[in-house]
Amino acid sequence: MTVITNHLPTEELQALDAAHHMHPFTTGSELASKGARVIARAEGVWLTDSEGNRILDAMAGLWCVNIGYGRKELAEAAARQMTELPYYNTFFQTTHVPAIALAERLAELAPGDLNNVFFASSGSEANDTNIRMVRTYWAEKGKASKKTIIARWNGYHGSSVGSGSLGGMKGMHAQGGMPIPDVHHINQPNWWAEGGDMTPEDFGRARAQELEAAILGLGEDTVAAFIAEPVQGAGGVIVPPDSYWPEIQRICDKYEILLIADEVITGFGRTGTWFGCQTMGIRPHIMTIAKGLSSGYQPIGASIVCDEVASVIAGTEFNHGYTYSGHPVACAVALENLRLLEDEDIVTRVHNETMPYLHTRWAEMADHPLVGEATIVGLMGSLALTPDKARRAAFASDAGTVGFICRERCFANNLIMRHVGDRMIISPPLVISKAEIDTLIDRAWLSLNEGLAAIKAQGLYVAA
Ligand code: PXG
């Protein structure tokens with residue numbers, strides 16, 4: 001057996017990785033010939049790779065390391081819990097203190113009467129719970145025909161068969177038999193790309209009204225729920241026009257459709273408040289959470305459920321659950337993460353200091369010749385790249401060609417800023433300092449300069 005340590009040369013690690021490790025959302029053969037980047041350790045907002053490069057992680061891992069890397073308190077919480085009770089399940093009329101304490105804490109933090117927590121180990125699992133829970137809710141209410149869940153194209157809700165079906169990623173639907181039946185997609189409120197000549201406000205309202213049209217088209221008695229991210233994350237940080245969410249809320253109220261806010265990215269301070277639904281002014285019946293719940297230090301997710309739905313579900317045996325639902329170590333780490341976020345006033349600090357500063361600096365990016373719009377909510381932002389700002393034009397090349405070139409320049413400049421199609425996105429740890437924001441902006445600007453030179457040299461600076 002090979003003992004794998006960070007002291008092996010990078011090429012050896014890459015070769016072993018290519019030989020045995022299948023990566024998510026990756027063309028394995030391409031990566032094998034190129035070699036994966038090996039991350040060795042991290043502190044604060046900084047990653048160190050196997051070559052000793054210090055990289056500013058403006059994505060907080062995969063939108064999750066809200067508290068920043070290297071918090072020993074979380075490691076100690078895990079060690080304490082592992083020593084005391086490393087595992088026990090929450091099936092068969094059993095419970096334990098970490099699950100009790102975390103559920104109580106989440107009920108306190110979550111708005112309104114979202115007081116009931118069903119644990120999972122990821123956002124995908126939690127959304128699978130939601131599919132079954134909302135359908136069971138309506139069945140128990142004597143309305144078993146209310147099964148359809150309406151979601152959005154270019155939304156992301158996970159990668160399991162159920163949650164991937166809720167998501168509106170066509171590339172995912174094309175593989176492996178998705179979507180499952182009784183899921184219906186409406187268009188996203190992406191004004192930049194799809195708003196045409198409409199004002200953002202009119203467009204936002206029109207896109208929200210697609211929900212009403214869908215409910216009426218499918219039949220009110222067939223629709224169980226609407227699920228959406230308060231701000232789309234993986235779809236490219238698409239910030240809806242202000243008119244969008246109030247109209248969605250009105251429609252859900254009018255037709256008594258359950259509203260599921262997928263807060264896997266927007267939860268735990270990301271948008272400058274504890275939850276994205278507070279930033280967007282919506283009242284969900286269920287929130288999906290994961291990622292920032294433990295700042296990614298342990299795999300944990302959950303559905304936080306309102307009293308009405310929970311009380312109906314409590315009236316039957318809900319035949320659902322995971323071996324690791326309420327895993328004690330994950331719960332203990334999440335509790336400690338929440339304690340730090342609160343004791344150190346991190347969400348307040350984001351709201352009052354970091355967010356205003358990042359917003360000012362991010363807005364400057366709109367002056368870059370490649371950038372059509374620079375949008376941001378809390379600490380999640382995006383840049384729409386365009387060859388023609390006035391027309392909000394797309395590039396003539398396949399979507400993502402230019403974004404990929406710019407992302408490669410970011411990586412070369414030791415900045416993790418991702419691309420989604422031809423949008424560049426950031427979601428840094430909430431603990432990022434003003435000086436680190438300056439570094440982020442400097443590196444982003446430099447990378448876009450280099451990207452612009454490269455796309456011009458390759459003849460790609462052409463509007464569709
Ligand atoms: N809902 C939302 C809104 C998400 O962003 C999930 C559910 C699924 O969570 P799990 O824990 O099952 O992955 C997510 C996850 C990307 C990227 O490339 C985004 C996610 C996951 C992986 C990659 O932006 N979001």
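Both ligands and their constituent atoms are indexed starting at 1 by order of listing.
Summarising the local packing, OH of Y324 is surrounded by 12 or fewer heavy atoms from other residues, nucleotides or ligands at distances under 6.0 Å.
Under the 3.5 Å distance criterion, with hydrogens and angles disregarded, a donor-acceptor pair is assigned to the side chains of H23 and D17.
Screening V183, I257, I215, L218 for a side chain to side chain contact (heavy atoms under 4.5 Å, CB included) with T148, the sole residue that qualifies is L218.
Judged as a side chain to side chain donor-acceptor pair (under 3.5 Å), and not counting sequence neighbours, the contacts of N154 are Q188. With sequence neighbours excluded, no residue forms a ring-ring contact (aromatic ring centres under 6.0 Å, His included) with H359.
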Hey, can you pull the donor-acceptor pairs under 3.5 Å for the side chains in residues 29-47, sequence neighbours left out?
from, atom 1, to, atom 2, distance (Å)
S33, OG, E30, O, 2.9
W46, NE1, E436, OE2, 3.1

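Within 4.0 Å of ligand 1, counting heavy atoms only, the contacting residues are L62, W63, S122, G123, S124, N127, Y156, H157, G158, E229, A234, D262, V264, I265, K291, R418.
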